[in-house]
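Since the structure comes first, as structure tokens, the remarks are kept for the end.
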Amino acid sequence: MGPQVLAGLLLCLCAGPWAEGGKVLVVPMEGSHWLSMREAVRELHARGHHTVVLSPEVNMHVKPEDFFTTETYATPNTQDEFDYVMMGQVHVLFERVNFLKMFWNAMVGLKNASLIFQRSCEALLSHKDLIRRLNASSFDVVLTDPVYPCGAVLAKYLTLPAVFFLRGIPCDFDVEGTACPNPFSYVPRLLTRNSDHMTFLQRVKNMLYPLALKYICHASYTPYERMASELLQREVSLVEVFSSASVWLFRGDFVMDYPRPVMPNMVFIGGINCANRKPLSQVCIGAFIPSMFQVQPI
């Protein structure tokens, strides 16, 4: 049998359905972020991959399932503290208040939540035995939500390819991490309530808005730079950590979001949020559909 035939047979064996799956380390973000990522982990399992989900002992939704292995670690947070921060501020999102008050309330809630997650990340990265086990486990890739940068930092330390699974990152870290153009004059900023057809003053507001986030971004994300620098034993910025991602999977699409520039490694998978869908009740349909088609007076 000639060498070309042998090479062809080996290629078929590698590409066949019996090929061995990879090992995926999953570092999720708690809350609704994990509920979307869980569907991706389920699909990875269905395709023959072995997934290990790394989670703190104190959590809300990351519970053992039959399609992944769970690896937990202790944190200084109590369950009551965690539940209060995660659920105690939900009402803020539904309050009908002016923009400044809504922005301030949202920033306070974000700051409190960030403290909880920072403690959790410090507990993980300082757990030398766990880090040693992960390093020896020969994972092929890290799947993580970079809103919680701990997974991105861990992937960089383990020198593993990182796949980011996200809706977006505050402070435009996703834009800087992908080196993507970000025209403030045309792409509406989150929470500004601007559309893609802005007046001059709205464009000015859209450009000045990121400046208001500088303080909260500094308080929320700077500690991860310190953790990354201590772990890697050199000065590291979060932009450098994020820019090392191989693929960015955005849970959005241009049906719901305004169009914006993208880079080749940015993939939009907005439909995954509809994996667990239920039909609307007749009560919801009766209340919602007529309001959609009301004719407004000119």
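Remember, it's a predicted structure, so these values are computed and weren't measured experimentally.
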Quick check: is [Y] connected to [X] through a chain of hydrophobic side chains (ILVMFWY, heavy atoms under 4.5 Å apart)?
X	Y	answer
Tyr258	Met207	no
Val24	Phe67	yes
Val27	Leu232	yes
Val187	Ile169	no
Leu115	Tyr224	no

Determine the minimum heavy-atom distance between [X] and [Y], stating which atoms define it.
X	Y	answer
Leu125	Cys150	CG-SG, 4.0 Å
Pro149	Leu238	CB-CD2, 4.1 Å
Pro28	Val62	CG-CG2, 4.3 Å
Ser244	Lys156	CB-NZ, 4.1 Å
Cys121	Met227	SG-SD, 3.6 Å
Ala155	Ala162	CB-CB, 4.0 Å

Original post:
Ser55 and Tyr73: side-chain donor and acceptor closer than 3.5 Å?
Top reply: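 Tyr73 and Ser55 do not have a side-chain donor-acceptor pair below 3.5 Å.
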Just so I know, are the side chains of [X] and [Y] near enough to count as touching, which here means a heavy-atom distance under 4.5 Å?
X	Y	result
Met263	Pro181	yes
Phe139	Leu158	no
Leu249	Leu166	no

Rounded to the nearest 0.5 Å, what separation is found between the [atom1] atom of [X] and the [atom2] atom of [Y]?
X	Y	atom1	atom2	answer
Arg203	Tyr186	CZ	OH	5.5 Å
Ile116	Thr78	CD1	OG1	7.5 Å
Tyr157	Leu231	OH	CG	5.5 Å
Ser120	Asn77	OG	CG	6.5 Å
Thr69	Lys23	OG1	NZ	9.0 Å
Asn59	Gln79	CG	CD	7.0 Å

**OP:** Walk me through it: do Asp145 and Arg251 pass the test salt bridge (Lys or Arg N to Asp or Glu O under 4.0 Å)?
**Re:** CA-CA 11 Å; Asp145 190 328; Arg251 298 193 310 274; 3.8 Å; yes
Subject >> Qualifying residue for side-chain contact (heavy atoms from CB on, under 4.5 Å) with Glu71, from Val26, Leu54, Leu25, Val53 >> reply: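 Of the listed residues Val26, Leu54, Leu25, Val53, the side-chain contact (heavy atoms from CB on, under 4.5 Å) partner of Glu71 is Leu54.
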Subject >> Matching residue for Pro161 among Asp140, Val141, Val142, Leu143 - test: side-chain contact (heavy atoms from CB on, under 4.5 Å) >> reply: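 Per the side-chain contact (heavy atoms from CB on, under 4.5 Å) rule, the option paired with Pro161 is Val141, out of Asp140, Val141, Val142, Leu143.
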**OP:** Assess whether side chain to side chain contact (heavy atoms under 4.5 Å, CB included) is satisfied between Phe164 and Phe242, documenting all intermediate values.
**Re:** CA-CA 9 Å; Phe164 287 171; Phe242 289 145; 3.8 Å; yes
I'd like to know if the side chain of [X] reaches the main chain of [Y], judged simply by a donor and an acceptor atom lying under 3.5 Å from each other, with no hydrogens or angles considered.
X	Y	result
Gln118	Ser220	yes
His49	Gly22	yes
Thr178	Val175	yes
Glu30	Met60	yes
Asn194	Gln202	yes
Thr144	Pro146	no

Original post:
Taking the six-membered ring of Phe250, is the NZ or CZ of Arg260 close enough (under 6.0 Å from the centre) and on axis enough (within 45°)?
Top reply: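 Pair Arg260/Phe250 counts as cation-pi.
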Original post:
Is any side-chain N of the basic residue among Arg226 and Glu122 closer than 4.0 Å to the acidic one's carboxylate O?
Top reply: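 Yes, this pair counts.
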Original post:
Is the shortest distance from a Lys or Arg side-chain nitrogen in Arg42 or Asp66 to a carboxylate oxygen in the other one below 4.0 Å?
Top reply: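 Asp66 and Arg42: not salt-bridged.
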**OP:** Return the orientation label for the Phe117 and Tyr148 ring planes: parallel under 30°, perpendicular over 60°, tilted otherwise.
**Re:**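 Judged by the thresholds at 30° and 60°, the geometry between Phe117 and Tyr148 is tilted.
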**OP:** Apply side chain to side chain contact (heavy atoms under 4.5 Å, CB included) to the pair Val153 and Val236, showing each step before the final yes or no.
**Re:** CA-CA 10 Å; Val153 173; Val236 178; over 6 Å; no
Can you tell me if [X] has over 12 outside heavy atoms packed within less than 6.0 Å of its [atom1]?
X	atom1	answer
Phe268	CZ	yes
Tyr221	OH	yes
Arg234	CZ	yes

**OP:** Step by step, work out the side chain to side chain contact (heavy atoms under 4.5 Å, CB included) result for His33 and Val147.
**Re:** CA-CA 9 Å; His33 296 247; Val147 173; 4.2 Å; yes
**OP:** Answer yes if the ring centres of Trp34 and Phe68 are under 6.0 angstrom apart, and no otherwise.
**Re:**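 Aromatic pair counts; centres sit under 6.0 Å.
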**OP:** Carefully, step by step, assess Val52 and Ser137 under the rule side chain to side chain contact (heavy atoms under 4.5 Å, CB included).
**Re:** CA-CA 10 Å; Val52 176; Ser137 295; over 6 Å; no
